Amino acid sequence: MQDRHPGTGAWPGLRVPAVGRAADLLQLIADVGRPMRIPELVRESGLPRTSTVSLCGALTEERLLVRGADGTYWLGPRLAELGSATRSTRALGLIVGLLVPNRRNAFFGVQIDTLAAIAADQRAQVQVESAEDDPDRQRRQLDRMLTGGVDVILINPVAALGFEDAMERARAQGVPVVAIDAQTAGAHASVTSDNTQAGISAGHFLARVLSGRGSVAIIDGQPITAMADRVAGFRAAMADYPRIAVVGQVRGMHDRAAGRDSALRIFHDQPEIDGIFVINDLTAYGVAEVIIERGLATRIVTVDGSAKAVDQVRAGGPIIATAAQDPARIAREGAHLAAVLRTGGRMMQGTVLLPTRLITTESWLDYEPWG
Amino acid sequence: MNRGDERRGTQRAPAIGRSARVLELLAHDGPVPWSRVGPAIGLAKSSTSDLLTSLAASRWVRRAESGFMLGGLLPELCAGFVGTDIDLVQFGLEWAADPVLHEHTVSVQVIQGVEIFCLEVRIGRHVLPLTPRPGSRVQGWHGDRGEPALAVLSEPVLRSTLNCFAGFQGLTSSTRESILEWAAAERSEIGGPQIQRAVNGNDELSLPCPGDRAVLLTAHLPPDAPPANLPDLHQALSTLSTLAG
């Protein structure tokens, strides 16, 4: 609240004194809560009588004040009209916070761009923070956004737990927080791909390619629900093939270099792997490099549907299938949910699951990849 | 006091008229970039800059990334109509979230003497003979009978608002007593909450808000429509009046 000197309209930054004086007079009448006469207004506001009379007349002409039969002045109907419009236009000009795990992955770049386009259309602002895959950093970023006065927050979380306190603060402040791509405890709503379905479809396809027999390994990722669901879905599919052995699972960290390291570790322990399930395309690129370098026949199935992965699918491998997500649609749905929650709307369910689509050599033709 | 001086108010305080044009523009189009404001109200760039700076300094408007928007002063001034008894933002949020009410047009109305003044409204899906609008005013007393909304208030609250606006609306003491007698008779005859026909043709169910201000929540219903579930509607309005306070 800016400092002001009651009764002089001397708001800092004021170049047109009448504007501040009018605000003072109206605020005085609103505070008193009843119609007021000119002498009382003069006495309480400290304004000269001539100014008070002129201003009251002008405000009455504009229906911001109403003059009564006894010469008193009361708040006018136009205040209600404009006050209601102020509350309505709160939806426009929102400040949207977007927290992403990193900016390396084109998947998140698509989401940033999508949200920026929505914001431009809605005349809102977007503030983007990248956590560089660090949960502590993302927690601090979330806190800063809440302190900084954002209206809604979309978070692509780097951890499933650890943000609960911040989520409670967000609730208390009336700031909806929608998790996108993965769930995190305490978020008001979530929008994710059906990651379990992604793992299941990738697993069954790999099993079909392997004719139901062989050895496979898993490269998983950060401890977030999306990755856990993908791995769970893949394992559930593998359970249908007793002649396929899941011989190893290593942790990857969602980039090409980590994919290479994970692949090297797997091949060190299991030189003759038939297939690998990798939790996302970016990690899979690194795994594919190792396979190509070593001249191996190992096939990769992964999740995301990025352009580079689809290129390999078209070429016949090492990536032979990728369960495509729609990062733009996830961001759009997340933004829509946040807007609904902000205006007090209700959701039918707390998490929206968006289906994935498996892109293989049979289905890549009509698919438009992102990234 | 010179009435002529008042009638020439905007001539002596032209900034008020210009400010009102700006507020109107932002109410319809907000947020509006600075470059659009001057041409829209017929002001030169330097004058526009001074005016917008002053409007922002006194919180009539606020700056956003995308332009100027209506500022926080206006909702605060509107609170002057209802005191601290009701939060108009919370009213809107709770209305939207209520599974019964959000189908119906619900308004926050203030009884100012004999005037029923609509302060805020949320529009439902039913078509009404007259859709209430913020700022709309209805005469609540017709000489020998009043609008149903007046009888919803308790006697002390109705007496208080009649006394507060007595001079403003030229209400004699005998008129005020007539109104109070009529309202008491109405309350006695009607008993509990009822849907009643208002002068504008809408059927209305009104509940007073908690507190000592003459504030009502009113559900506006299309006349002769299939009867709304009165107990559910009454309960929902009652809950809303508590939550929005």
Side-chain angles (χ1 to χ4, degrees), chain A residues 2 4 9 11-20 22-24 26-27 29-31 33-35 38 50-51 53-64 67-72 74-75 77-87 89-90 92-93 95 123-125 343-346, chain B residues 1-2 5-10 12-13 15-17 19-20 23 26-27 30-31 50-51 53-60 64-67 69-71 73-81 83 88-89 92-94 96-97 112 117-121 134-137 164-165 167-170:
Chain A
Q2 291 177 316
R4 66 182 177 99
W11 300 77
L14 199 69
R15 298 178 193 171
V16 181
V19 169
D24 284 341
L26 289 167
Q27 189 69 71
I29 297 172
D31 288 344
R34 56 168 173 76
I38 290 288
T50 49
S51 300
V53 168
S54 292
L55 285 169
C56 285
L59 290 168
T60 301
E61 278 188 34
E62 297 297 339
R63 297 168 55 241
L64 293 163
R67 190 174 186 276
D70 59 355
T72 56
W74 175 236
L75 304 176
R78 200 167 191 185
L79 283 178
E81 296 164 15
L82 293 171
S84 180
T86 306
R87 286 183 288 275
T89 55
R90 269 164 56 110
L92 297 175
I95 303 174
R123 291 184 259 185
Q125 305 173 52
T343 56
R346 295 185 165 201
Chain B
M1 182 170 48
N2 186 333
D5 288 344
E6 292 172 37
R7 278 196 288 270
R8 290 192 295 273
T10 47
R12 292 192 179 185
I16 302 302
S19 300
L23 298 179
L26 301 189
D50 286 346
L51 184 60
T53 301
S54 301
L55 287 170
S58 45
R59 298 173 58 238
W60 287 102
E65 182 79 9
S66 40
M69 303 178 66
L70 293 176
L73 177 65
L74 284 156
E76 288 178 14
L77 293 175
C78 282
F81 289 106
L88 294 172
V89 171
L93 294 175
E94 297 293 344
Q112 304 182 143
F117 178 71
C118 179
L119 190 55
E120 183 61 280
V121 66
S136 63
R137 295 175 286 179
C164 182
F165 286 89
F168 191 83
Q169 294 172 350

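Please read all numbers here as calculations on a predicted model, not as lab measurements. Order of the sequence lines sets the chain letters (A, B, ...), proteins ahead of strands, with each chain counted from 1.
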Spatial distance of atom CG (A:Leu82) from atom CG (B:Leu74) [nearest 0.5 Å]: 5.5 Å
Tightest non-hydrogen contact, residues A:Ala69 and B:Gly170, listed as CB-N, 4.1 Å
Pairwise distance CD(A:Gln27) to CG(B:Leu73) - rounded to 0.5 angstrom: 6.0 Å
In Å and rounded to the nearest 0.5 Å, what is the CD1 to CG distance from B:Ile16 to A:Leu59? 5.0 Å
At what distance, to the nearest 0.5 angstrom, does CG of B:Leu88 lie from OG1 of A:Thr86? 11.0 Å
Working to the nearest 0.5 angstrom, can you tell me the gap between B:Glu76 CD and A:Leu79 CG? 12.0 Å
Taking every heavy-atom pair that is under 4.5 Å apart, which of B:Phe117, B:Phe165, B:Phe81 has the most such pairs with chain A? B:Phe81
Relative to chain A, which segment of B:Cys164 carries a heavy atom at a distance below 4.5 Å: side chain, backbone, both, or neither? both
Shortest non-hydrogen pair, B:Pro134 vs A:Glu81, comes out as O-CG, 3.3 Å
So how far is it from A:Leu64 CG to B:Leu77 CG, rounded to the nearest 0.5 Å? 9.0 Å
Heavy-atom pair of closest approach, residues B:Gly17 and A:Glu62: CA-OE2, 3.5 Å
Test A:Val16 against every option in B:Ser54, B:Ser19, B:Ser58 by the side chain to side chain contact (heavy atoms under 4.5 Å, CB included) rule and name the one that passes. B:Ser54
Where do B:Trp60 and A:Ala23 come nearest, in terms of heavy atoms and distance? NE1-CB, 3.6 Å
On a heavy-atom basis, which atom in B:Gly135 and which in A:Pro77 lie closest, and how many Å separate them? O-CB, 3.3 Å
So, the part of A:Arg78 with a heavy atom under 4.5 Å from chain B: the answer is side chain
Under a 3.5 Å distance rule, please check whether A:Trp74 uses its side chain to pair with a backbone N or O of B:Phe168 as donor and acceptor. no
